[in-house]
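Letters A, B, ... mirror the listed sequences (proteins, then strands); counts begin at 1.
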2 protein chains.
Amino acid sequence: MLERDRRKPGSWATTPAKRRRILDAALSCFDERGIAATTIDDICAAAGLHVGSIYHHFAGKDDIFETLARDAMGDYLAGVVDALAGGRSSPDSIRRLVAFHVRWVEQRPALTRLMLSWEETERDRPSGREHYVQYSEAIGAWLRREARAGRIRRMEPDLYSTLLMGPLMEHARQRSAGLTSASPQTMQRGLAAGLRRVLLSGGDG
Amino acid sequence: MLERDRRKPGSWATTPAKRRRILDAALSCFDERGIAATTIDDICAAAGLHVGSIYHHFAGKDDIFETLARDAMGDYLAGVVDALAGGRSSPDSIRRLVAFHVRWVEQRPALTRLMLSWEETERDRPSGREHYVQYSEAIGAWLRREARAGRIRRMEPDLYSTLLMGPLMEHARQRSAGLTSASPQTMQRGLAAGLRRVLLSGGDG
DNA sequence: GGCTTTTTAGAATCCGGTTCTTGAACTATA
DNA sequence: TATAGTTCAAGAACCGGATTCTAAAAAGCC
């Protein structure tokens, strides 16, 4: 029934490549049908493999999802940290952060969706908090340093992540749901301006 | 196997009450086990009914979930609109909005979780955008009015929701995951201050 | 009290994820 | 190049949970 791509003997891919192929297949399924709606069979068909093989490489659907999501999150976080660290001043770091974020979201819609969904599902699990903590840590170091130097408004640590991540994640959500009519450039400028006003010292208390 | 609460003949509840009982049962299950993990049987046990009866009142698990989530969202939105409309000035409206939000999240952890999860799952569905649009509309009217009067910084409409909803929803997420150590009062003050800086006119462009 | 409609019980069904068994392909070693 | 051990693929079997279906009890109505 399913059109499977049976290879002739002798052309067996090496393990990491096969793993990759499953992940890629899953990613495109997740992206086009939604995460809950894709079945293992869908992934089988897309990867040209049978259930057994998939379960040989992964513990299950969740494992595949988590692997993809974890990678996506890791990639995003690395970019965030780089952007912040690479700025030559606080405003510059903020500009770079927002520029990176908007570009990432624009260029990786599937990964964006994955990252956002993960956020949701992870919360219920034992390991749930992990990513959140990771995110906070990633930004925390930079924020603490800048705040200590007086370049960034001093406030309750919890507020930093709320006020920084909030707009960024909300933007990602809107964008991945196709709800923004404004251009990426406009959003980028607006987000940067907003974050500057919230974070940088000066003005009313 | 399941301990069902069989009522004696003659004590049958009226329809809306029965519906309510199912919803309440489901809400507590969702809350204590997580949404994905609660089975229909769990809800049956909690409501003291059998599958058949539940399917008589609702189309399925999703229907129950959506009903609860829609109600939660409706309640929240109504409060938001009230808060904004009731302020005697823009800063006052913002203060009221944040105060309402923080209180709501504190007092209704189960509904908060539901609302946030709905956001996630809804995106994939045909009717997906609906709630988002609803949210934007709810705040949109107030924002447009204030902006036209010059009391609120003029910006791309999409940015309003990003910059307003972003921090609030992020706060709700953190809170419902038990990740804030700061007191509600602190968060409330901080959020209000942040939103004021972003939204109110004046200062750098 | 008999008739219709609503609600319930619970068995039957269906669907999708996971497990298990078998065998084929690869690897290393002699 | 046979051989033992290991990894990978196939696909049937299994299992749990959502949904559907049928019959019967309760409620409403005359």
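- Comparing C/dT19, C/dG17, C/dT6 against the side chain of A/Val51 picks out C/dT19 as the nearest.
- B/Asp41 has its CG atom 12 Å from the P atom of C/dA11, to the nearest Å.
- Atom-to-atom, CZ of B/Phe58 to P of C/dT8 comes out at 11 Å; the value is rounded to the nearest Å.
- Of the candidates D/dC8, D/dA18, D/dA9, the closest approach to any side-chain atom of A/Ser53 belongs to D/dA9.
- Below 30°, between 30° and 60°, or above 60°: for B/Phe65 and B/Phe30 the angle between ring planes is above 60°, a perpendicular geometry.
- Here D/dG17 presents its P atom at 15 Å from CD1 of B/Ile54, a figure rounded to the nearest Å.
- A straight line from CZ of B/Arg19 to P of C/dT8 spans 13 Å, rounded to a whole angstrom.
- Rounded to a whole Å, the OH atom of A/Tyr55 is 17 Å from the P atom of D/dA12.
- An OP1 or OP2 oxygen of D/dA9 is reached within less than 4.0 angstrom by a side-chain nitrogen or oxygen of A/His57.
- Contact annotation: A/His50 side-chain N/O to D/dG11 OP1/OP2 distance is under 4.0 Å.
- Side chain of A/His101 to backbone of A/Leu168: a donor-acceptor contact under 3.5 angstrom is found.
- The side chain to side chain contact (heavy atoms under 4.5 Å, CB included) check on B/Asp63 picks up B/Phe58, B/Ala59, B/Thr67, with sequence neighbours excluded.
- Where A/Gly52 and A/Ile40 each meet DNA chain C at their nearest nucleotide, the meeting point lying more 5' is that of A/Ile40.
- A donor atom on one side chain and an acceptor atom on the other are not found under 3.5 Å apart for B/Glu156 and A/Thr186.
- The backbone N or O of A/Ala47 sits less than 3.5 Å from a side-chain atom of A/Arg21, completing a donor-acceptor pair.
- In this structure, A/Asp63 places its CG atom 14 Å from P of C/dG17, rounding to the nearest Å.
- Within the 4.0 Å cut-off from OP1 or OP2 of D/dA9, at least one side-chain nitrogen or oxygen of A/Lys18 is found.
- The nearest whole Å value for the distance from the NZ atom in B/Lys61 to the P atom in D/dT19 is 8 Å.
- Between the NE2 atom of B/His56 and the C1' atom of D/dT22 there is a distance of 15 Å, rounded to whole Å.
- Here D/dG17 is the nucleotide among D/dT19, D/dG17, C/dT8 with the atom lying nearest to any side-chain atom of B/Thr39.
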